[in-house]
Amino acid sequence: MLILIIILIFLLAGVVKGVIGLGLPTIAMGLLTLFFPPAVAAGLLIIPSLVTNIWQLWLGENFWPLFKRLWPMILGIVIGTLWSILPPLTSSNSWVGSALGIILCLYGIWGIAGKKLPNAVKNEHWLSPLVGYITGTITAATGVFVLPAVPYLQTLHLNKNQLIQALGLSFTASTIALAIQLLIQADLPTVNYGLSILAVVPALIGMYFGQLLRNIISEQVFRRYFFIGLILLGSYMIIKDLL
């Protein structure tokens with residue numbers, strides 16, 4: 001039964017990523033924590049997230065220019081994840097589920113209500129490491145690495161292909177840093193690596209069908225329902241922890 005749940009979750013998360021280019025780690029982490037402890041959910045997420053984000057990262061010709069430009073942010077993500085000021089996923093704190101729920105809600109609200117973002121290029125030299133560090137601390141505590149990295153990258157006014165690769169670069173760095181952090185916490189023996197590798201298959205299948213679906217449905221409409229779903233899921237996680 002749990003194997004079927006994992007397959008369905010990563011299939012859905014893959015479809016979302018295929019349609020809008022992001023969302024696999026976010027939706028997978030949110031749904032997995034309904035069935036697994038947060039640290040175990042994050043462990044299951046690492047291999048599918050790494051494979052799909054490396055795939056996204058290497059599409060195009062912008063890798064080295066983006067890496068040279070965004071390395072302060074990448075360094076901030078690594079430092080923030082490994083030396084977070086927040087308790088890690090592997091801690092016994094009961095607020096981890098609520099924290100993840102809050103992040104999902106904030107991300108969903110931003111996705112629905114977000115207006116045109118300002119150009120942050122002039123302040124990139126100090127914003128990149130700061131945004132990276134904050135993203136890293138949130139990653140270490142919740143396993144979700146979209147805030148504030150995704151909105152920030154959109155303020156750099158990259159073209160579509162550059163933005164997709166920049167997201168892949170950020171998510172890949174976050175995934176690797178989270179894997180190291182979990183290994184340091186010595187809590188990964190409970191993770192079934194076979195299941196994590198197995199989850200790559202439905203994730204890739206979902207991405208393929210999501211890319212086909214992108215040509216059929218409105219991406220804007222899909223995004224709206226995706227963000228509404230995140231708000232509902234996050235709200236449920238918060239309420240569940242409070243009851």
message = Quick one: does any side-chain atom of S170 pair with a main-chain N or O of A166 as donor and acceptor, under 3.5 Å?
response = no
key: Parallel, tilted or perpendicular: rings of W110 and Y107 (30°, 60°)   = parallel
inquiry  = What I'd like to find out is whether the side chain of V40 reaches to under 4.5 Å of the side chain of P37, using heavy atoms alone.
reply    = yes
request  = Look up atom CE in M29 and atom CG in L44, then write down how far apart they are to the nearest 0.5 Å.
outcome  = 9.5 Å
remark   = Closest non-hydrogen contact found for T33 with G30 is OG1-O, 2.9 Å
note = For Y225, the other hydrophobic cluster members (4.5 Å side-chain criterion, sorted by chain and number) are V221
request  = Count the heavy atoms belonging to other residues, nucleotides or ligands that lie under 6.0 Å from CZ of F36, then report whether that count exceeds 12.
outcome  = yes
query = Quick one: OG on S218 to CZ on R224, what's the gap to the nearest 0.5 Å?
reply = 10.5 Å
inquiry  = Does any part of the side chain of I112, heavy atoms only, come nearer than 4.5 Å to the side chain of R223, both counted from C-beta?
reply    = no
ask   = Taking all atoms of both residues into account, what is the closest heavy-atom pair of L45 and A28, and its distance?
value = CD1-CB, 3.8 Å
message = To check you understand the geometry: which heavy-atom pair defines the closest contact between F226 and G23, and what is its length?
response = CZ-CA, 3.9 Å
inquiry  = Would you say CZ of F222 has more than 12 non-hydrogen atoms from neighbouring residues, nucleotides or ligands within 6.0 angstrom?
reply    = yes
ask   = For the hydrophobic clusters of this structure (ILVMFWY residues joined by side-chain heavy atoms under 4.5 Å, transitively), does one cluster hold both L212 and I20?
value = no
Side-chain (R214) to main-chain (G18) donor-acceptor, under 3.5 angstrom = yes
ask   = Between atom CD1 of I164 and atom CG of L66, what is the distance when rounded to the nearest 0.5 Å?
value = 11.5 Å
inquiry  = Under the criterion side chain to side chain contact (heavy atoms under 4.5 Å, CB included), I'd like the reasoning laid out for N53 against K17: C-alpha separation, chi angles, the key distance, then a yes or no.
reply    = CA-CA 10 Å; N53 284 316; K17 187 175 181 68; 3.1 Å; yes
request  = Say whether L2 and I9 are linked into one hydrophobic cluster, either directly or through other cluster members, by side-chain heavy-atom distances under 4.5 angstrom.
outcome  = yes
Name the atoms and distances for all side-chain donor-acceptor pairs under 3.5 Å in residues 231-238, with sequence neighbours left out.
| unit_1 | atom_1 | unit_2 | atom_2 | d |
| --- | --- | --- | --- | --- |
| S235 | OG | I231 | O | 2.7 |

key: Separation of S98 OG from I103 CD1 (nearest 0.5 Å)   = 12.0 Å
task = Looking only at non-hydrogen atoms, find the nearest pair between I74 and A173 and report the distance.
result = CG2-CB, 3.7 Å
key: ILVMFWY cluster, L50 and I205 together (side-chain gap under 4.5 Å)   = no
query = Between the side chains of S49 and T175, is a donor N or O closer than 3.5 angstrom to an acceptor N or O?
reply = yes
Show me the donor-acceptor pairs within less than 3.5 Å that the side chains of residues 147-159 make with the rest of the protein, sequence neighbours left out.
| unit_1 | atom_1 | unit_2 | atom_2 | d |
| --- | --- | --- | --- | --- |
| Y152 | OH | S128 | N | 3.4 |
| Y152 | OH | S128 | OG | 2.6 |
| T155 | OG1 | Y152 | O | 2.5 |
| N159 | OD1 | N161 | N | 3.1 |
| N159 | OD1 | Q162 | N | 2.8 |
| N159 | ND2 | Q162 | OE1 | 3.3 |

task = Compare every heavy atom of P202 with every heavy atom of I7, then report the nearest pair and how far apart it is.
result = O-CB, 3.5 Å
CD1 on I180 to CD1 on I176, rounded to 0.5 Å = 7.0 Å
request  = Starting from the C-alpha separation in whole Å, work towards a yes-or-no answer on side chain to side chain contact (heavy atoms under 4.5 Å, CB included) for M73 and L130.
outcome  = CA-CA 7 Å; M73 176 182 169; L130 177 61; over 6 Å; no
key: Chi angles and distances behind the side chain to side chain contact (heavy atoms under 4.5 Å, CB included) call for T139, I77   = CA-CA 9 Å; T139 298; I77 288 173; 5.6 Å; no
request  = State, with a plain yes or no, whether a side-chain heavy atom of L82 is found less than 4.5 Å away from one of I184.
outcome  = yes
Within one Ile-Leu-Val-Met-Phe-Trp-Tyr cluster: I3 and L11, side-chain cutoff 4.5 Å = no
key: Min side-chain heavy-atom separation L230-T26 under 4.5 Å   = yes
request  = Give a yes or no on whether the backbone of T81 and the side-chain of S84 come within a donor-acceptor separation of less than 3.5 Å.
outcome  = no
task = Report the residues that fulfil ring pair (Phe, Tyr, Trp, His ring centres under 6.0 Å) with Y133, sequence neighbours left out, ordered by chain and then residue number.
result = none
task = With sequence neighbours left out, write down each residue that passes ring pair (Phe, Tyr, Trp, His ring centres under 6.0 Å) with F171, or none if nothing qualifies.
result = F145
query = Hey, mind stepping through L198 and I6 against side chain to side chain contact (heavy atoms under 4.5 Å, CB included) and telling me if it holds?
reply = CA-CA 9 Å; L198 174 66; I6 292 171; over 6 Å; no
remark   = One should read off an interatomic distance between I138 CD1 and L86 CG, to the nearest 0.5 angstrom, of 8.0 Å
Side-chain heavy atoms of L32 within contact of F10, under 4.5 Å = yes
note = Closest heavy-atom pair, L182 versus A39, reported as atoms and distance to 0.1 Å, is CD1-O, 4.3 Å
message = Can you pull out every salt bridge (Lys or Arg N to Asp or Glu O under 4.0 Å) where at least one residue sits in residues 35-53? Sequence neighbours excluded, please.
response = none
ask   = Mind checking whether I197 and L8 sit in one hydrophobic cluster, side chains of I, L, V, M, F, W, Y counted as touching below 4.5 Å?
value = no
